[in-house]
Amino acid sequence: MSMHQMEAYIEEAVRAVALSDLPVQHKRDLIYSLFDMETYGDCGFTNLRTINEMLACKYTFVFAPEEMHDYGERRDFYDRGDTGIVKENDVYIVENDEPDSPKRIYVDSGTPAWDAMVKSGAITGEGALPVRLIDSLTVLKEVNPLLGDILDDEYIREGMMATAFLTGAVDDMNDEEVQEIMGMSREELEDMAD
């Protein structure tokens with residue numbers, strides 16, 4: 001299965017979590033866990049696809065370069081003249097080529113840059129609380145109902161199934177969970193895997 005399908009599933013899952021009525025901290029934990037799950041596949045950098053949703057639920061934070069905790073030591077990095085997206089370590093810089101468009105530095109929860117920004121007092125409140133990694137099976141069980149009809153899309157469903165296989169969540173499923181999450185019996189699943 002294509003990793004693009006996995007990326008699409010994670011993107012839709014992040015969006016569904018962010019737009020849900022779940023408490024903010026649980027949203028942050030689920031998003032952190034979804035992006036961790038994405039690392040099991042050969043996926044590209046997809047965070048910007050859902051940046052508005054991640055900003056709204058206090059998972060991602062945006063700063064001007066001079067607001068960064070290490071601006072003094074890394075000024076050359078933050079002030080570079082590139083346009084587009086530059087990702088290095090745990091921050092990503094977005095600058096478009098429009099005149100007077102401000103450069104923005106994005107920091108995701110759970111990263112070393114986030115930790116440093118929390119310690120510096122730049123991130124406070126709910127967004128300053130540590131995120132917790134949730135096991136993949138629990139994430140699938142909580143997120144898939146939030147997706148609703150989106151999971152009827154074959155492309156998204158294949159991405160969800162790839163995620164379940166690659167993260168090992170499928171190995172932890174009992175027969176009832178295989179039916180509920182994967183939409184087939186264990187025998188059908190094993191036949192498909194062969």
Side-chain angles (χ1 to χ4, degrees), residues 6-41 43-74 77-78 85-95 102-148 150 159-160 163-164 166-169 172 177 181:
M6 189 175 179
E7 291 173 4
Y9 169 72
I10 298 294
E11 176 183 346
E12 292 300 336
V14 167
R15 188 169 287 117
V17 167
L19 298 174
S20 74
D21 292 332
L22 294 169
V24 169
Q25 185 59 35
H26 195 56
K27 290 180 185 186
R28 294 175 69 239
D29 292 341
L30 286 169
I31 292 170
Y32 180 71
S33 301
L34 283 162
F35 282 125
D36 179 73
M37 292 165 70
E38 190 175 55
T39 66
Y40 286 83
C43 297
F45 180 69
T46 61
N47 299 45
L48 290 175
R49 295 178 189 177
T50 55
I51 195 68
N52 292 330
E53 291 86 352
M54 294 188 313
L55 288 166
C57 67
K58 299 177 178 74
Y59 179 78
T60 300
F61 301 87
V62 63
F63 299 97
E66 60 275 4
E67 295 174 309
M68 292 303 293
H69 68 96
D70 58 351
Y71 181 71
E73 302 95 61
R74 295 181 68 201
F77 168 68
Y78 291 119
I85 302 166
V86 176
K87 184 175 186 315
E88 184 174 298
N89 299 327
D90 57 346
V91 299
Y92 39 110
I93 301 173
V94 178
E95 181 175 24
K103 183 179 289 191
R104 296 173 308 276
I105 312 296
Y106 291 91
V107 177
D108 290 337
S109 293
T111 63
W114 169 86
D115 188 53
M117 295 303 279
V118 168
K119 288 176 181 168
S120 76
I123 299 173
T124 60
E126 286 179 297
L129 298 174
V131 285
R132 173 181 66 95
L133 189 62
I134 302 170
D135 71 272
S136 299
L137 177 55
T138 300
V139 171
L140 292 170
K141 289 168 70 171
E142 290 188 34
V143 170
N144 285 357
L146 298 174
L147 287 165
I150 293 171
M160 182 274 299
T163 302
L166 291 171
T167 62
D172 297 330
E177 291 166 333
I181 296 168

For S20 versus K27, what's the shortest heavy-atom pair and its separation? O-NZ, 2.9 Å
Might you point out which heavy atoms bring E67 and A64 nearest each other, and give the distance in Å? OE1-N, 2.6 Å
Heavy-atom pair of closest approach, residues V139 and S33: CG2-CB, 3.7 Å
What's the spacing between L22 CG and L30 CG if we round to 0.5 Å? 6.5 Å
Going through the distances and angles, do H26 and R132 end up as a side-chain contact (heavy atoms from CB on, under 4.5 Å)? CA-CA 9 Å; H26 195 56; R132 173 181 66 95; 4.3 Å; yes
With sequence neighbours left out, what residues match Y78 under side-chain hydrogen bond (donor to acceptor under 3.5 Å, both in side chains)? D70
Check: S109 and Y32 side chains under 4.5 Å, non-hydrogen atoms: no
Which pair of heavy atoms, one from I31 and one from A18, lies closest together, and at what distance? CD1-CB, 4.5 Å
List the residues meeting side-chain hydrogen bond (donor to acceptor under 3.5 Å, both in side chains) with Q25, not counting sequence neighbours, and say none if there are none. R28, D29
Do you know the tightest heavy-atom contact between C57 and V24? O-CG1, 3.4 Å
Under 3.5 Å, side chain of E12 to main-chain N/O of Y9, donor-acceptor pair present? no
For the pair F63 and R104, evaluate side-chain contact (heavy atoms from CB on, under 4.5 Å) and give the outcome as yes or no after the intermediate values. CA-CA 6 Å; F63 299 97; R104 296 173 308 276; over 6 Å; no
Sorted by first residue and then second, give each salt bridge (Lys or Arg N to Asp or Glu O under 4.0 Å) pair with at least one member in residues 135-147; sequence neighbours left out. K141-E177
Do any pairs count as a salt bridge (Lys or Arg N to Asp or Glu O under 4.0 Å) and have a residue in residues 111-123, sequence neighbours left out, and if so which ones? D115-K119
Between F35 and M54, which heavy-atom pair has the shortest distance, and what is it? CE1-SD, 3.3 Å
Is any side-chain heavy atom of T50 closer than 4.5 Å to one of I10? no
So, the side chain of W114 versus the backbone of I123: is there a donor-acceptor pair under 3.5 Å, distance only? no
List the steps, then state whether side-chain contact (heavy atoms from CB on, under 4.5 Å) holds for M68 with V107. CA-CA 10 Å; M68 292 303 293; V107 177; 3.8 Å; yes
Pairs in or reaching into residues 46-64: which pass salt bridge (Lys or Arg N to Asp or Glu O under 4.0 Å), with residues at least two apart or in two chains? E7-R49, E11-R49, R15-E53
Could you go through the side-chain contact (heavy atoms from CB on, under 4.5 Å) check for I105 and V62 one step at a time? CA-CA 5 Å; I105 312 296; V62 63; over 6 Å; no
Going by the rule salt bridge (Lys or Arg N to Asp or Glu O under 4.0 Å), which residues pair with D36 if we only count those two or more places apart in sequence or in a different chain? none
Looking only at atom types and distance, does a side-chain atom of T124 sit under 3.5 Å from a main-chain N or O of G121, one as donor and one as acceptor? no
Side chains of M37 and L140 in contact at under 4.5 Å (non-hydrogen atoms): yes
Using atom types as modelled and distance alone, determine if a side-chain donor or acceptor of T138 lies under 3.5 Å from a backbone N or O of I134. no
Measure the spacing between OG1 of T167 and CG of L34 and express it to the nearest 0.5 Å. 10.5 Å
Is any side-chain heavy atom of Y106 closer than 4.5 Å to a side-chain heavy atom of F61? no
